[in-house]
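Heavy atoms only: backbone and side chains are in, while hydrogens, waters and symmetry mates are out. In this chain, numbering begins with 1 at the start of the sequence shown.
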Amino acid sequence: MSDTTRPELPDHLSIDPRSKHYVAAVFEHDIGILFNGKERQDVEEYCISEGWIKVPAGRTLDRKGQPLMIKLKGKVEAFYK
């Protein structure tokens, strides 16, 4: 498998298409997030340089009907599966 067909993973990425940190080309491939050495499946947004991820806070929704996010700080690594 060649890395030339995959875009470079950005430092800051969001799965929300309304976000300025959303990069559609990245989501054409399967990516994974390691947080403090463990793979997380529930990451909505991350920033590697600042060391945080945003994950849903249970089933709680904000006033716009979107999942309420909590920010967790730690070591963040993004990779292609």
Side-chain angles (χ1 to χ4, degrees):
M1 203 184 243
S2 166
D3 281 339
T4 56
T5 58
R6 298 177 181 170
E8 190 174 326
L9 286 168
D11 175 60
H12 190 156
L13 183 66
S14 173
I15 66 168
D16 185 350
R18 297 168 301 175
S19 170
K20 67 178 183 174
H21 299 292
Y22 177 79
V23 181
V26 169
F27 294 109
E28 293 173 8
H29 309 281
D30 201 16
I31 64 170
I33 305 296
L34 284 177
F35 182 68
N36 290 336
K38 293 189 175 134
E39 189 170 353
R40 297 284 302 241
Q41 307 294 330
D42 59 348
V43 177
E44 300 272 330
E45 187 172 349
Y46 73 78
C47 184
I48 295 171
S49 63
E50 295 176 18
W52 57 260
I53 60 172
K54 286 187 180 177
V55 295
R59 294 195 171 121
T60 310
L61 301 177
D62 67 12
R63 64 179 177 256
K64 295 177 183 167
Q66 301 297 318
L68 196 63
M69 295 293 149
I70 56 172
K71 186 186 274 190
L72 303 174
K73 292 194 168 270
K75 185 172 189 247
V76 181
E77 298 173 71
F79 62 94
Y80 283 111
K81 292 185 180 182

Checklist entry - Residues sharing L34's hydrophobic cluster, by side-chain heavy-atom contacts under 4.5 Å among ILVMFWY, directly or via others? => result F79
Next on the checklist: Students often mix this up, so state it plainly: with edges at 30° and 60°, are the rings of Y22 and F27 parallel, tilted or perpendicular?
Outcome noted: parallel
Checklist entry - Nearest 0.5 Å, what's the SG-NZ distance between C47 and K54? => result 10.0 Å
Checklist entry - If you measure from CZ on R63 to CG on L68, what distance do you get to the nearest 0.5 Å? => result 11.0 Å
Item to check | Spatial distance of atom CG (L13) from atom CD1 (I53) [nearest 0.5 Å] | outcome: 13.0 Å
Checklist entry - Measuring from T60:OG1 to M69:CE, what's the distance to the nearest 0.5 Å? => result 10.5 Å
Next on the checklist: Quick check: do V26 and L9 have side-chain heavy atoms less than 4.5 Å from each other?
Outcome noted: yes
Item to check | Flag side-chain contact, heavy atom, 4.5 Å: L72 against Y46 | outcome: no
Checklist entry - Ignoring hydrogens and geometry, is there a side-chain-to-backbone donor-acceptor pair from D11 to S49 under 3.5 Å? => result yes
Item to check | Reported CD-to-NZ distance for the pair E50 and K73, which is rounded to 0.5 angstrom | outcome: 7.0 Å
Checklist entry - How close do V76 and G51 get, heavy atom to heavy atom, and via which atoms? => result CG2-C, 3.9 Å
Checklist outcome for this item: Heavy atoms of G74 and N36 approach each other most closely as CA-OD1, 3.4 Å
Checklist entry - So does E44 pair up with K71, basic N to acidic O under 4.0 Å? => result no
Checklist entry - Can you check salt bridge (Lys or Arg N to Asp or Glu O under 4.0 Å) on K64 and D62, steps first, answer last? => result CA-CA 5 Å; K64 295 177 183 167; D62 67 12; over 6 Å; no
Checklist entry - Which value, rounded to the nearest 0.5 Å, describes the distance between D16 atom CG and H21 atom NE2? => result 11.0 Å
Checklist entry - So, for P10 and V23, which heavy atoms are closest and what is the spacing to 0.1 Å? => result CG-CG2, 4.2 Å
Item to check | side chain to side chain donor-acceptor pair (under 3.5 Å) partners for K75, two or more places apart | outcome: E77
Next on the checklist: Parallel, tilted or perpendicular: which one describes the rings of W52 and H12, with boundaries at 30° and 60°?
Outcome noted: perpendicular
